[in-house]
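Have a look at the structure below before the remarks.
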Amino acid sequence: MFGLSELAIILIVLIAVLAAKKLPELARSAGKSARILKAEARAAKAEAEAEAEAEAQEDERRAQAQQPRQAHQPQGEQPGAPRVIRGETVIKGETVTRDAAADGSRTQQQR
């Protein structure tokens, strides 16, 4: 009689003969499935990396917000020295106040 190995070989040959027409289609389908799976894996990995990067930037922004804010002083300036602000002219002895009703500014002399 037949042993187990002979029966396995006969079954493989029988399946190959009966399914010969369907094998190329099955192989094509398996290839497409593998490509789709790889593409999804790459997309998930890229999304995870983007989320990690965004989280790191958010953590960095929070850390900067928690640090005590120091006034920005350009190099060479001493603390308490007058600062120059572009667009404004201040004459010694005058103060500049904004009029709430008008768009322009008024000057008043100090006496």
Side-chain angles (χ1 to χ4, degrees):
M1 220 52 217
F2 295 111
L4 187 58
S5 60
E6 289 89 8
L7 281 175
I9 292 173
I10 291 173
L11 279 176
I12 291 172
V13 170
L14 185 62
I15 289 173
V17 169
L18 294 177
K21 292 181 181 179
K22 295 285 184 176
L23 282 177
E25 186 180 321
L26 291 173
R28 223 174 293 134
S29 176
K32 285 181 183 178
S33 297
R35 274 185 256 129
I36 291 171
L37 183 62
K38 283 182 184 179
E40 290 295 325
R42 274 189 236 121
K45 184 178 178 183
E47 185 178 323
E49 288 174 356
E51 286 177 4
E53 184 177 325
E55 187 176 322
Q57 288 176 352
E58 181 68 21
D59 290 344
E60 184 178 320
R61 188 189 64 76
R62 285 182 187 156
Q64 287 177 351
Q66 289 178 353
Q67 291 177 351
R69 294 188 180 192
Q70 299 175 354
H72 175 70
Q73 290 184 356
Q75 290 182 349
E77 247 187 56
Q78 297 176 358
R83 293 186 310 152
V84 177
I85 301 172
R86 290 178 53 175
E88 293 187 18
T89 304
V90 178
I91 302 171
K92 188 175 182 179
E94 293 183 356
T95 58
V96 178
T97 59
R98 295 275 178 193
D99 187 4
D103 292 329
S105 63
R106 290 187 185 172
T107 59
Q108 298 175 346
Q109 279 194 345
Q110 289 180 341
R111 292 189 183 165

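- The number of heavy-atom neighbours closer than 6.0 Å to CG of Leu26, taken from other residues, nucleotides and ligands shown, is above 12.
- For Glu40, the side-chain contact (heavy atoms from CB on, under 4.5 Å) criterion is met by Ile36, not counting sequence neighbours.
- When atom types are taken as modelled, the side chain of Gln64 and the backbone of Arg61 share no donor-acceptor pair closer than 3.5 angstrom.
- Annotation: side-chain contact (heavy atoms from CB on, under 4.5 Å) contacts of Arg35 (sequence neighbours excluded): Lys32.
- The line from CD1 of Ile10 to CD1 of Ile15 is 12.0 Å long, rounded to the nearest 0.5 Å.
- Put simply, the residue from Gln57, Glu51, Glu55 that forms a side chain to side chain contact (heavy atoms under 4.5 Å, CB included) with Glu53 is Gln57.
- Taking CG of Leu37 as the reference point, atom CZ of Arg42 lies at 10.0 Å (rounded to 0.5 Å).
- At most 12 non-hydrogen atoms from other residues, nucleotides or ligands lie less than 6.0 angstrom from CD of Glu25.
- Applying the 4.5 Å side-chain rule to ILVMFWY residues, one finds Leu14 in the same cluster as Leu18.
- A side-chain donor-acceptor contact under 3.5 Å links Ser33 to the backbone of Ser29.
- The only member of Lys22, Arg28, Lys21 that meets side chain to side chain contact (heavy atoms under 4.5 Å, CB included) when paired with Pro24 is Arg28.
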